[in-house]
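Naming: A, B, ... by sequence-line order, numbering from 1 per chain.
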Amino acid sequence: MSDAIVRLSGIYKSFAGVKALQDVSLTIEQGRIHCLVGENGCGKSTLIKIIAGVYPRDSGSVVINGREYEDLHPIDSIREGIQIIYQDFSLFPNLTVAENIALNEELAAGRRFVNWRHVRKVAEEAIAQLEVHLPLDARVEEMSVANKQLIAIAKALRQNARLIVMDEPTSALTEREIRRLFTVIRRLRERSGIAFLFVSHKLNEVLEIAETITVMRNGQVVSSGSAEAYDTARLVFEMTGQRIAEKAYDYTPDLRSPALLRVEKLSVPGALHDVSFELRPHEIVGVTGLLGSGRTELALALFGLLPIASGQIYIDEKPVAIHSVQDAIQHGIGYVPEDRLTEGLFLEQSIGRNIVVRTIDRLRNRFGLIEPKQVAQQVNDWIVSLRIKVADPALPVKTLSGGNQQRVVVAKWLASNPRLMILNGPTMGVDVGSKNEIHELIKKLARDGMGLLVISDDIPELLQTCNRILLMRNGTIVEEILPRATNENELAAKLIED
Amino acid sequence: MSKIFRSNEALVAVTIVLLSLVIGLNNPTFFSVGNLFDLLRSSIVIGIFAMGVLIVIISGGIDVSFTAIGVFALYSTTRILKEFMPDAPIWVAFMIAAAIGLGLGMINAFFIARFKLPTLIVTLGTLSMFHGFLLFAIGNQIIRDVPPAMDQFARSALVRIPLERGVANLHPAILITAAAALIVWLLLNFTMLGRGIYALGGSREAAERAGFNVPRIQYFIYSFVGLLSGVAGMTFGSLARQANPQDIVGMELNVIAAVVLGGAQLTGGRGTVIGTILGVLLVVIASNSLILIGVPAVWQRVVIGLIILIGTGLPAIQARRAAQGGMRSI
């Protein structure tokens with residue numbers, strides 16, 4: 001009993017009559033790595049905020065370190081050693097790494113003056129505890145996402161964290177960075193007895209790191225127990241309430257037919273080196289590799305965002321020059337970027353406007369003005385055909401879940417009738433159910449004759465959606481892999497091989 | 001070493017040296033003690049204002065009402081002195097002006113911290129309000145027969161160097177600017193309040209989560225800027241030996257330009273006292289000394305504009321290049 005840090009039982013919480021949590025019970029034990037999984041909107045975030053003391057509960061009991069809290073305030077939660085690392089990390093981009101790590105502690109100690117030597121000492125100690133190397137005098141904005149996360153963990157440690165809650169910690173990390181994060185987490189757990197609550201929907205990672213798993217669906221805990229009792233199929237089943245069996249996309253292209261896209265000896269200094277491949281209609285070709293292998297640069301080069309030094313691109317077997325995004329669009333290429341939030345969407349703008357933004361020229365009447373009826377018609381068509389779940393197309397895109405946002409990006413590009421789509425990390429940060437639907441959409445587009453290039457390091461995704469996979473390393477394609485001739489472990493091994 | 005040269009301060013310093021060389025080689029009087037003292041004298045008021053604006057900009061806000069606060073404090077103080085205590089010493093005048101500035105600054109702070117209104121909107125509003133109220137309720141006539149303390153202060157000198165013709169004077173008000181710079185430097189670098197100002201400018205949400213009392217920081221910022229503006233206004237009047245309700249207002253953009261040139265970013269979170277001092281010097285040299293090499297007065301504004309464009313544009317382009325280079329080298 002005494003070794004539980006957090007013990008929630010019978011928690012109810014609703015927002016404006018909508019039930020977010022119903023009878024939720026959760027026990028987080030000291031020094032355990034506990035994973036909380038569930039689809040977007042299942043109540044995971046609400047539950048975290050209740051533990052953090054940000055949201056008051058409607059009913060139920062919260063016991064932290066053996067003490068029952070009637071009203072839990074954020075400050076109580078912090079005093080009990082609960083540290084939440086949100087997805088944005090709450091760091092100060094303009095301050096140095098050292099100051100970011102030490103600032104909260106200095107502030108909590110009620111200091112009025114800054115002792116820079118002390119700040120440095122605090123930061124050095126925290127970094128030493130993590131056993132990682134971070135430049136203490138660099139500004140945080142110069143750090144990679146993975147390093148920012150380590151800084152956030154270091155900061156949490158300095159506040160005597162006994163439980164660190166991480167919300168989707170791996171969604172923006174590469175394979176190698178995830179390995180490093182997991183090493184750090186395991187080390188902290190073993191040496192310092194810190195417990196972790198991991199919120200994720202990357203199931204293979206959950207299965208790898210978790211000791212205890214709790215699955216939520218529709219605001220309720222559907223199952224909870226030791227991680228050994230779970231496998232991917234059971235997790236998917238419990239998260240979605242249905243068994244999803246994705247059928248692989250099996251397609252053998254006719255090698256005599258003209259290629260939609262042919263790339264010959266494409267080179268970009270420092271990024272790509274002699275990349276050659278072809279893509280035929282109906283094909284879904286996966287491009288994979290570690291970060292820095294050139295997978296993203298290849299997409300950028302094909303879309304006119306990265307100047308090509310040498311090599312040739314052919315569309316329909318005719319040589320073309322792609323110097324700009326306009327050129328790429330002219331040749332029927334669409335690109336769904338990796339970071340849809342900053343590159344693919346106008347977050348504050350309405351869902352409808354985001355869908356038609358690429359084709360607004362075609363929706364003008366003879367006076368050159370936008371025809372609202374036509375716009376509404378087109379928006380509606382896309383919402384129906386891509387099954388985007390919206391309450392009202394006039395709402396801003398940022399109100400949608402990750403999976404639905406991704407569908408809006410896809411709709412935006414489909415509206416301009418591309419013949420070739422490049423999808424960079426199409427299901428990054430998307431839950432299992434929506435992921436499946438996006439995969440089905442990709443396959444449907446291919447069946448209808450489009451050629452698709454899927455850039456991803458999500459191995460199951462590659463195996464299930466692509467008919468061919470190109471493995472990149474150090475800026476060049478090193479191997480072509482047929483999904484039916486390999487399996488997850490083999491591909492994973494090839495991916496991280498140097 | 002290379003890092004020092006890439007810093008914004010170094011860039012501004014190099015620009016100042018180059019500009020001085022160009023002007024000085026064409027007209028040697030630029031390097032005379034007299035001209036140096038003149039430049040410093042011209043930097044006094046803009047320097048005090050700039051220290052206030054620096055704090056606001058670091059916090060991610062903007063204040064355009066400080067000139068109105070300055071002239072309001074100057075004019076009201078002069079009238080108070082004339083009416084009630086014509087023989088008061090100059091430090092009393094400064095105290096009164098600082099108090100008036102503080103009061104007006106607190107009005108800004110109230111709207112910004114209490115109602116979370118955008119800082120530009122609030123200060124644009126109070127700029128007109130303060131100035132309008134001054135002209136309407138306190139007076140719109142230029143006061144030329146200022147109290148004797150102000151008159152005396154205007155004639156005093158910190159350093160007096162006899163020249164072939166006349167004397168070169170360094171006005172003691174430069175000490176006010178120096179004190180303001182020192183206080184702001186200590187505040188920003190060695191107090192938690194100062195770090196809170198940087199934190200607020202870096203990420204308001206993170207600052208709140210870290211436990212900074214953001215409204216209290218904002219109350220401090222805008223009140224303090226008001227106080228500094230009151231002092232700056234009073235200094236302006238004592239140097240000019242008059243209180244003109246139409247003076248000072250209109251200087252806002254030059255002051256903000258000097259601060260931005262000095263490396264403070266309008267998006268918040270970045271800026272230093274040293275950089276700001278250099279920015280002020282650059283703007284003062286550009287507007288005072290170009291006339292020495294025959295640049296007509298009307299062109300000075302164009303030149304200042306160019307310096308701002310180049311001075312803030314170059315680092316931005318450099319930063320973008322560096323970011324792209326970084327992306328390619330992974």
Side-chain angles (χ1 to χ4, degrees), chain A residues 52 54 74-75 78 83-86 88-96 99-116 119 137-142 144 148 152 155 159 174 268-272 290-297 300-301 305-307 309 474-475, chain B residues 3-4 6-8 54 57-60 183 185-214 216-217 220 263-272 275 315-316 318-330:
Chain A
V54 174
I75 192 75
I78 291 168
Q83 286 289 324
I84 318 274
I85 297 177
Y86 293 99
D88 63 5
F89 306 132
S90 298
L91 296 173
F92 301 104
N94 55 326
L95 303 182
T96 64
E99 195 172 4
N100 265 284
I101 293 173
L103 194 62
N104 284 30
E105 185 179 344
E106 302 283 297
L107 201 59
R111 284 179 205 280
R112 310 191 70 160
F113 297 97
V114 188
N115 178 346
W116 288 106
V119 165
D137 294 321
R139 288 202 169 122
V140 160
E141 67 198 339
E142 296 161 18
S144 65
K148 283 183 190 157
K155 195 173 91 176
Q159 293 173 85
T174 62
V268 172
L272 296 175
L290 297 174
L291 194 78
S293 63
R295 57 188 167 118
T296 294
E297 287 78 1
L300 296 179
L305 286 166
L306 203 57
N474 302 327
Chain B
K3 205 171 177 180
I4 296 175
R6 260 185 287 140
S7 80
N8 197 74
L54 172 67
I57 289 183
I58 291 174
S59 79
I183 291 169
W185 181 73
L186 289 172
L187 169 81
L188 286 176
N189 291 298
F190 297 100
T191 67
M192 282 313 275
L193 178 60
R195 301 322 287 170
I197 293 171
Y198 277 101
L200 172 60
S203 163
R204 185 191 173 111
E205 204 182 4
E208 280 166 352
R209 282 187 193 157
F212 281 111
N213 187 337
V214 170
R216 206 156 75 190
I217 293 175
F220 170 81
Q265 280 182 7
L266 287 172
T267 45
R270 199 142 325 161
T272 60
Q318 257 182 346
R320 202 176 321 138
R321 287 243 174 92
Q324 273 176 3
M327 189 191 83
R328 268 177 217 162
S329 66
I330 18 173

Going by the rule salt bridge (Lys or Arg N to Asp or Glu O under 4.0 Å), which residues pair with B/Arg204 if we only count those two or more places apart in sequence or in a different chain? B/Glu208
Report which part of A/Leu107 has an atom under 4.5 Å of a heavy atom belonging to chain B: side chain, backbone, both, or neither. both
For A/Arg139, what residues pass the salt bridge (Lys or Arg N to Asp or Glu O under 4.0 Å) criterion, not counting sequence neighbours? none
When the 4.5 angstrom heavy-atom criterion is applied to A/Glu141 and chain B, the contacting part is side chain
Name the member of B/Ala199, B/Ala207, B/Ser203 that forms the most heavy-atom pairs with chain A at distances under 4.5 Å. B/Ala199
Whatever's closer than 4.5 Å to a heavy atom in chain B on A/Ile78 counts as neither
Quick check: closest heavy atoms across B/Tyr198 and A/Asn94, and the distance to 0.1 Å? O-ND2, 3.0 Å
Show the nearest heavy-atom pair for residues B/Met192 and A/Arg111, with the distance to one decimal. CG-O, 3.0 Å
Minimum-distance pair of heavy atoms, taken over all atoms of A/Asn104 and B/Ala210: OD1-CB, 3.3 Å
As an exercise: rank A/Val114, A/Leu91, A/Val140, A/Asn100 by heavy-atom pairs under 4.5 Å with chain B and give me the winner. A/Val114
Compute both the distance and the angle, then confirm whether B/Arg195 meets the cation-pi test with A/Phe92: under 6.0 Å from the six-membered ring centre, within 45 degrees of the axis. no
Among A/Leu103, A/Leu95, A/Asn115, which residue forms the greatest number of heavy-atom pairs with chain B at distances under 4.5 Å? A/Leu103
Nearest-0.5 Å distance, CZ of residue A/Phe113 to CG of residue B/Asn189: 13.0 Å
Given that the side chain runs from C-beta out, which part of A/Phe89 has a heavy atom under 4.5 Å from chain B: side chain, backbone, both or neither? neither
